[in-house]
Amino acid sequence: SAQMLFAGAEASHVTFSYEEEEILRNYSVKIPAGKIVGIHGASGSGKSTLLKLLMRFWDADSGEVSVNGANVRGIPTRSLRDTESYVTQETHLFHDSIANNIAVGKPGASRQEIMEAAKKASVHDFIMSLPKGYDTEVGELGDTLSGGEKQRIGIARAFLHDAPFILMDEPTSNLDSLNEGIILKSLREEADKKTVVLVSHRKSTMNVADVMYEMENGRVS
Ligand code: ATP
Ligand code: MG
């Protein structure tokens, strides 16, 4: 399939500052196609920043970021967004049904597809336990959704989007080990046809990775 042709991603000698403070210094990392690359490191070390450069939310000050074999500066944002599924550190839910919140990853998806993605993200049973199931309005729930429930909805979005390149920022930080285990197993099953960058400060999460890099003040150590 076309997805098998994804050429991986790479940061090469990247330097990046938000303002004066340099966050990444001459940072290089290779993300080979078909692998799960773990990025582990302390809070503030630059993990989310790396993902944002791969998404081209910002451009590097120097060095090169490439996705699918091409410098991101030359890739139209639209096609970059189609290529990448991004699970943000904080899941933002819209005032809409749970089904539509998951379908953000693939507008027009069938209920069946939405449910399959939710199962992979270990959130289907929770959704089915709600009186209106997938038709529950997030607004109706008020603040009752837990951090982990929101997070799993965010992961279901990414599974539904089904892009060749998945970037996950602390996707399981709010989850118990049972739910985390189900999700990492799903990720592992996707991984032979996907390329994954998995950011976590938790060492045990990194067990699913084919290769792990330690990030320390914006450098590989
Ligand atoms: P955590 O594990 O806490 O999520 P992280 O490794 O993801 O941390 P980053 O979010 O990449 O770290 O942040 C790296 C550094 O850049 C931090 O010192 C942070 O305060 C700073 N930073 C992040 N985003 C911005 C921003 N938009 N403007 C200015 N500084 C920022
Ligand atoms: Mg972060």
Side-chain angles (χ1 to χ4, degrees), residues 8-31 35-67 71-73 77 80-81 83-93 104-105 121 145-159 161 163 165-177 179-180 183-184 187 194-221:
E10 186 169 1
S12 179
H13 303 288
V14 167
T15 295
F16 176 78
S17 321
Y18 283 108
E19 264 136 55
E20 259 95 279
E21 202 195 347
E22 262 188 2
I23 306 301
L24 300 179
R25 290 171 204 85
N26 199 25
Y27 181 83
S28 298
V29 66
K30 276 201 170 78
I31 299 146
K35 300 283 184 209
I36 300 179
V37 173
I39 307 279
H40 179 262
S43 181
S45 59
K47 305 181 299 298
S48 295
T49 302
L50 172 66
L51 294 189
K52 287 169 185 170
L53 290 167
L54 287 165
M55 294 288 295
R56 209 185 169 207
F57 287 178
W58 291 292
D59 278 324
D61 301 326
S62 63
E64 190 175 306
V65 177
S66 65
V67 168
N71 190 322
V72 289
R73 288 174 187 267
T77 312
L80 206 51
R81 298 289 172 266
T83 305
E84 299 177 322
S85 282
Y86 177 39
V87 179
T88 51
Q89 200 162 355
E90 302 288 333
T91 303
H92 179 77
L93 299 180
V104 166
L145 279 174
S146 74
E149 286 154 1
K150 276 192 209 162
Q151 201 162 35
R152 284 180 281 150
I153 290 171
I155 293 167
R157 255 179 207 165
F159 281 136
H161 184 192
F165 189 29
I166 305 178
L167 304 107
M168 293 186 150
D169 199 348
E170 303 278 5
T172 60
S173 58
N174 294 317
L175 302 184
D176 55 82
S177 55
N179 280 309
E180 179 180 48
I183 288 164
L184 294 181
L187 199 57
K194 309 268 185 210
T195 303
V196 182
V197 185
L198 177 62
V199 162
S200 178
H201 64 267
R202 207 191 281 166
K203 216 47 179 277
S204 61
T205 307
M206 291 289 128
N207 290 336
V208 75
D210 296 297
V211 52
M212 186 198 86
Y213 295 103
E214 196 70 44
M215 198 176 244
E216 213 175 294
N217 298 322
R219 296 170 206 236
V220 183
S221 62

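Numbering of residues begins at 1 and proceeds along the displayed sequence. Whatever order the structure lists them in is the order used to number ligands and atoms, beginning at 1.
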Which heavy atom of the protein is the closest neighbour of atom 3 (O) of ligand 1, given with residue, atom name and distance?
S43 OG, 2.6 Å

Provide the closest heavy-atom pair for A158 versus S85 in the form atom of the first, atom of the second, distance.
O-OG, 3.4 Å

Residue A42 vicinity, atoms of ligand 1 by number, heavy atom under 4.0 Å:
6 (O)

Residue K52 excluded, over 12 heavy atoms near NZ under 6.0 Å:
yes

Atoms listed for the Mg ion (ligand 2) (protein only, N, O or S, under 2.8 Å, no waters) are S48 OG, Q89 OE1

Shortest protein contact, atom 14 (C) of ligand 1 (heavy atom only)
G44 O, 3.4 Å

Part of I23 within contact of ligand 1 (heavy atoms, under 4.0 Å)
side chain

Report the member of H201, M215, K47 with the shortest heavy-atom distance to atom 2 (O) of ligand 1.
K47

Contact partition for Q89 relative to ligand 1, non-hydrogen atoms under 4.0 Å:
side chain

Test item: Q89 and L51 side chains (from C-beta on) under 4.5 Å apart, heavy atoms
no

Are any non-hydrogen side-chain atoms of S173 and Q151 less than 4.5 angstrom apart?
yes

Y213 ring center near Y27 ring center (under 6.0 Å)
no

contact_flag G46 ligand 1 heavy-atom lt 4.0 Å:
yes

State whether any protein heavy atom lies less than 4.0 Å from atom 26 (C) of ligand 1.
yes

Atom 10 (O) of ligand 1: nearest protein contact (heavy atom, Å):
S48 CB, 3.5 Å

Under a 3.5 Å distance rule, please check whether E170 uses its side chain to pair with a backbone N or O of H201 as donor and acceptor.
yes

What's the separation between atom CG in L167 and atom CG in L50, rounded to the nearest 0.5 Å?
8.5 Å

Please examine the side chains of W58 and T49, heavy atoms only from C-beta on, and report whether any two atoms are closer than 4.5 Å.
no

Does atom 20 (O) of ligand 1 have a protein non-hydrogen atom under 4.0 Å from it?
no

Between N179 and R152, what is the shortest heavy-atom contact and its length?
OD1-NH1, 3.6 Å

Can you confirm whether H92 sits close enough to K150 that some side-chain heavy atom of one is under 4.5 Å from a side-chain heavy atom of the other?
no

Checking a contact table here: which protein heavy atom is nearest atom 11 (O) of ligand 1, and how many Å away?
T49 OG1, 2.5 Å

Is the shortest side-chain heavy-atom distance between T205 and L184 below 4.5 Å?
yes

Tell me, do R81 and M55 make a side-chain contact under 4.5 Å, heavy atoms counted?
yes

In the protein, what heavy atom is nearest to atom 23 (C) of ligand 1, and what distance, to one decimal place, separates them?
Y18 CE1, 3.3 Å

Of all the atoms in ligand 1, which lie at a distance below 4.0 Å from a heavy atom belonging to S45?
6 (O), 12 (O)

